[in-house]
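Every chain is numbered from 1 and lettered A, B, ... according to where its sequence line falls, protein lines coming before strand lines.
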Amino acid sequence: MDRRNFLKKGSMGGLMGLAGARDVYRIVQQAPEPIRLPPADEVVRCAIIGFGQWGRQMAETVEDLPEVQLSAICDTYAPMLRRAERAHPDATRHTEYGEVLGSPDIDAVLIATPTHLHKQVVLDALAAGKHVYCEAPIAHTVAEAREIGHAADAASDQIFQVGLHLRTEPQYRSVFQFIRSGAIGDSVMSRTQWHRKQSWRQASPNGQRARDLNWRLDADLSLGLVGEIGLQQLDVASWLMGAYPTSVTGFGSTLLWNDGRDVPDTVQAVFGFPGGRNLMFDASLASSFDSDYETFFGTNSTIMLRDQKAWMFKEVDAPMLGWEVYARRDKFYKETGVALVANATKLDSLGLDPTADDPNLKSPLWHGLKSFSDNFFFGPYPAIADQNLGFAMTVLADAAKRAIASGQRVELTETDYQL
Amino acid sequence: MATRFEVVVMGRNEAYARAAGEEALAEIRRVEGQLSWFDPASLLSRINRDAASGPVVVHAPVFGLLQRIKQLHGVTDGAFDPTIIPDEDGLPETGRTGAGMAGMVLDIENRTISFTRSDIALNLGGIGKGYAIDEAATILREAGVENALIQGGTSTAYALGRDDDRPWRIALSHPSPDRAGQQVAWVELENAALSISGIYGRGRRLADGEWVGHVIDPRTGNAVRDTELAAVVVDSDRGALRALDPRAKQSTDSAAAQSERSYPSTDSDALSTALLVLGSHSAAPNAFPDCRTLCFSKDKVTDQFGPWHIGALAARKEENGP
């Protein structure tokens with residue numbers, strides 16, 4: 001641990017605190033993009049706990065990170081372990097996660113179980129001395145999120161990272177700096193959406209297994225569309241706005257999937273941020289129109305983030321920035337968006353066309369896991385998505401769930417977000 | 001890929017059938033994402049970009065597919081060959097004069113692929129669809145689905161179980177664009193895959209009225225002319241093709257994992273292209289062990305092996321198929 005503690009850093013990013021209107025203009029000092037190579041011959045030996053759809057995605061992503069070794073896969077359901085064997089024959093397979101926690105050959109665990117099962121796995125993994133990457137939301141209740149947060153605080157020599165991975169995605173980081181430099185003018189409002197036409201149900205031949213699989217449709221266990229899907233977008237909005245919401249109003253209905261579920265298939269929510277700026281959120285499992293993206297409206301321009309790409313739409317009276325004359329433009333019906341390209345100069349220096357699709361594009365999850373492995377080799381330092389952020393986002397998701405269920409406006413104070 | 005996939009799931013519980021179908025389609029999207037020629041960030045694009053400069057590590061399932069491609073190339077005497085020499089624009093369909101499988105090297109120990117030449121590329125358009133369908137069928141089986149039909153691009157279909165009280169029945173349309181929609185044959189499938197390949201599509205008509213299709217014989221570089229349509233049926237449980245499965249040998253203690261899985265659609269997809277090129281079953285008897293094959297040219301059956309029904313399929317009263 002000595003080498004890692006030697007490199008321990010104070011804080012890398014995280015929330016910038018409750019920002020007033022003027023603060024939005026400030027260019028915020030950001031940690032530089034890490035240019036790091038792991039020590040030769042050293043790898044993080046990981047176990048994935050929970051090999052459902054997301055666990056599989058994680059395992060595939062891990063195989064794209066040479067410095068991370070997928071050593072073990074845990075799942076309680078035999079067919080999932082057979083799937084694991086086919087896809088990742090080199091990883092050992094376990095029905096009891098205790099086996100990997102007891103193994104000295106595992107450095108870290110990546111937790112992809114259903115949300116309501118996270119807590120015990122996190123507590124056991126931290127107690128066993130493992131580094132932990134836990135999917136978001138970290139828990140289905142504020143109380144359990146707090147327990148997890150305190151356990152992570154107590155294990156300060158171990159990494160605890162939450163799967164809120166857009167803060168480590170280069171395109172989002174670049175837009176963050178762009179907005180914080182004042183390029184969109186005064187922030188006006190923001191809007192995010194997530195639209196799919198799908199049941200959100202999973203099928204299994206085994207009745208108990210089917211109930212276990214469909215925890216997302218159970219109001220007691222699920223934070224619903226806001227918590228299980230929208231949390232990533234709400235995290236980005238909080239990050240860009242420099243504050244957590246102070247209120248939530250929400251609506252939810254089941255409009256298509258009347259199959260006995262008690263979690264709405266279509267929701268809208270308005271999140272109030274300091275300074276009278278609101279975020280409009282909507283998500284639906286009943287319509288796929290226009291898919292998912294985030295839009296941040298400013299007095300000078302509006303930025304749209306979509307599919308790990310970003311565009312700026314300028315107001316006619318906005319000042320010239322200069323470079324946009326040369327930038328690629330894309331038409332969106334009658335609007336013209338100026339493409340914002342992360343690492344444009346880097347791509348240019350590599351002889352790659354910055355406006356073409358990036359052949360080295362990696363998913364947000366890849367960047368999240370990359371920052372986790374960087375932390376293993378060069379830390380531990382508090383993760384960008386640490387227990388404080390994980391806790392705060394659970395508080396927000398829980399408030400949204402209550403607002404939607406009751407039809408009442410839920411107020412949140414700064415202390416509510418504090419672990 | 002601009003291919004439309006469809007899944008029909010039979011079952012009494014609609015919510016359950018829908019959920020299983022959604023998972024199968026999600027699996028197809030996942031596989032397409034890996035094997036897409038057009039997405040520069042796909043695994044296939046990475047192989048095509050980097051494999052000439054050094055070994056590229058690939059996930060175990062995709063490595064299994066690459067091994068199978070080598071074997072299918074071998075048993076078809078080179079009539080199935082997904083290695084190509086892309087043209088100046090990097091397009092897959094032209095200049096396809098058989099880059100040769102010898103240029104593609106697989107390292108089983110390290111699960112890597114490398115190219116010995118810098119001008120070749122791999123285009124999985126002739127097998128990826130079938131592979132995606134096989135992966136989706138595995139998902140359906142694991143979800144407990146017993147009867148379903150999956151089809152991609154109306155050229156490869158996999159029939160899981162039965163269509164109610166009898167095997168799934170699928171009709172083959174006349175390959176010529178002039179007679180589109182006219183049924184020429186039909187076939188019954190139960191736990192079996194069907195693929196069809198035709199020379200029409202992106203082809204052109206010569207001055208004398210002859211149609212030159214888009215399918216090129218990888219061994220000669222000439223356009224395929226003689227056979228207009230080739231169809232291959234591969235049954236899931238046929239021993240000959242199961243023995244072909246490299247994963248069956250690779251895996252040691254995984255009888256259970258393997259028994260849930262076979263690759264009929266992957267094989268039929270590749271073999272139908274090979275049959276179109278070879279022209280008849282007798283030309284390469286080793287290529288189609290235990291398969292049902294059918295070749296059509298100049299409006300008549302020119303080669304047939306196994307049970308096929310020639311002529312149009314009478315419509316069933318209840319609508320069941322896709």
Side-chain angles (χ1 to χ4, degrees), chain A residues 52-54 56-57 59-66 70 77-91 93 196-207 209-210 213-214 216-217 256-261 265 285 288 307-308 352-353 356-363 366, chain B residues 9 11 13-27 29-31 33-34 36 38-43 45-46 48-50 56-64 110-111 135 138-146 148 247-248 250-261:
Chain A
Q53 276 178 349
W54 191 247
R56 292 172 75 194
Q57 192 67 45
E60 221 167 81
T61 307
V62 163
E63 292 210 335
D64 269 352
L65 281 159
L70 179 57
Y77 191 54
M80 294 303 107
L81 289 182
R82 289 211 283 280
R83 238 182 231 190
E85 178 179 17
R86 292 195 302 261
H88 308 282
D90 302 334
R93 295 170 295 281
R196 298 282 190 282
K197 191 172 180 184
Q198 62 176 49
S199 67
W200 225 29
R201 183 176 283 284
Q202 287 184 270
S204 170
N206 168 329
R209 170 71 183 167
L213 270 179
N214 289 302
R216 289 189 301 188
L217 307 181
L256 177 61
W257 304 106
N258 294 299
D259 54 7
R261 68 183 65 193
D265 65 17
L285 298 166
S288 66
D307 296 337
Q308 291 180 268
L352 295 167
D353 177 1
D357 284 337
D358 181 0
N360 296 312
L361 184 73
K362 300 294 186 189
S363 65
W366 186 93
Chain B
V9 179
N13 183 336
E14 192 187 336
Y16 164 81
R18 170 102 192 185
E22 283 176 356
E23 204 187 337
L25 286 170
E27 181 68 5
R29 273 194 297 277
R30 190 183 71 82
V31 172
Q34 290 178 329
S36 165
F38 299 101
D39 176 1
S42 74
L43 174 60
S45 295
R46 196 162 81 225
N48 284 336
R49 206 167 42 243
D50 298 341
V56 176
V57 181
V58 297
H59 307 157
V62 175
F63 189 77
N110 299 306
R111 254 182 11 231
E135 295 286 37
T138 303
I139 295 285
L140 289 181
R141 257 185 239 109
E142 283 180 356
V145 172
E146 288 167 358
R247 278 152 292 203
Q250 193 178 301
S251 180
T252 48
D253 63 330
S254 62
Q258 292 302 330
S259 70
E260 283 178 17
R261 197 174 171 83

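- For Asp64(A), the part lying under 4.5 angstrom from a heavy atom of chain B is the side chain only.
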(request) Dump the intermediate steps for side chain to side chain contact (heavy atoms under 4.5 Å, CB included) on Arg82(A) and Thr138(B), then the final yes or no. (result) CA-CA 11 Å; Arg82(A) 289 211 283 280; Thr138(B) 303; over 6 Å; no
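- With salt bridges taken as basic N to acidic carboxylate O contacts below 4.0 Å, one links Glu60(A) and Arg30(B).
- Neither the backbone nor the side chain of Glu146(B) comes within contact range of chain A; no heavy atoms are under 4.5 Å apart.
- A salt bridge links Glu27(B) with Arg56(A): at least one charged nitrogen is closer than 4.0 Å to a carboxylate oxygen.
- Between Ser199(A) and Glu22(B), the closest heavy-atom pair is N-OE2, 2.6 Å.
- Taking CD of Gln53(A) as the reference point, atom CD1 of Ile139(B) lies at 7.5 Å (rounded to 0.5 Å).
- Within the 4.5 angstrom heavy-atom criterion, no atom of Glu14(B) approaches chain A.
- Among the candidates Arg83(A), Gln57(A), Met80(A), the residue making the largest number of heavy-atom pairs closer than 4.5 Å to chain B is Arg83(A).
- Only the side chain of Trp257(A) comes within less than 4.5 Å of a heavy atom of chain B; its backbone N, CA, C and O stay farther away.
- The CD atom of Glu23(B) sits 5.5 Å away from atom CD of Gln202(A), with the distance rounded to the nearest 0.5 Å.
- Residues Ala143(B) and Ala203(A) come closest through the heavy atom pair CB-O, 3.8 Å.
- Heavy-atom minimum distance, Ser204(A) versus Tyr16(B): O-CE1, 3.5 Å.
- Here the straight-line distance linking atom CZ of Arg111(B) with atom CG of Asp90(A) works out to 5.0 Å at 0.5 Å rounding.
- Contact tally against chain A (heavy-atom pairs below 4.5 Å) for Ala19(B), Ala41(B), Ser42(B), Ala17(B): the top residue is Ala19(B).
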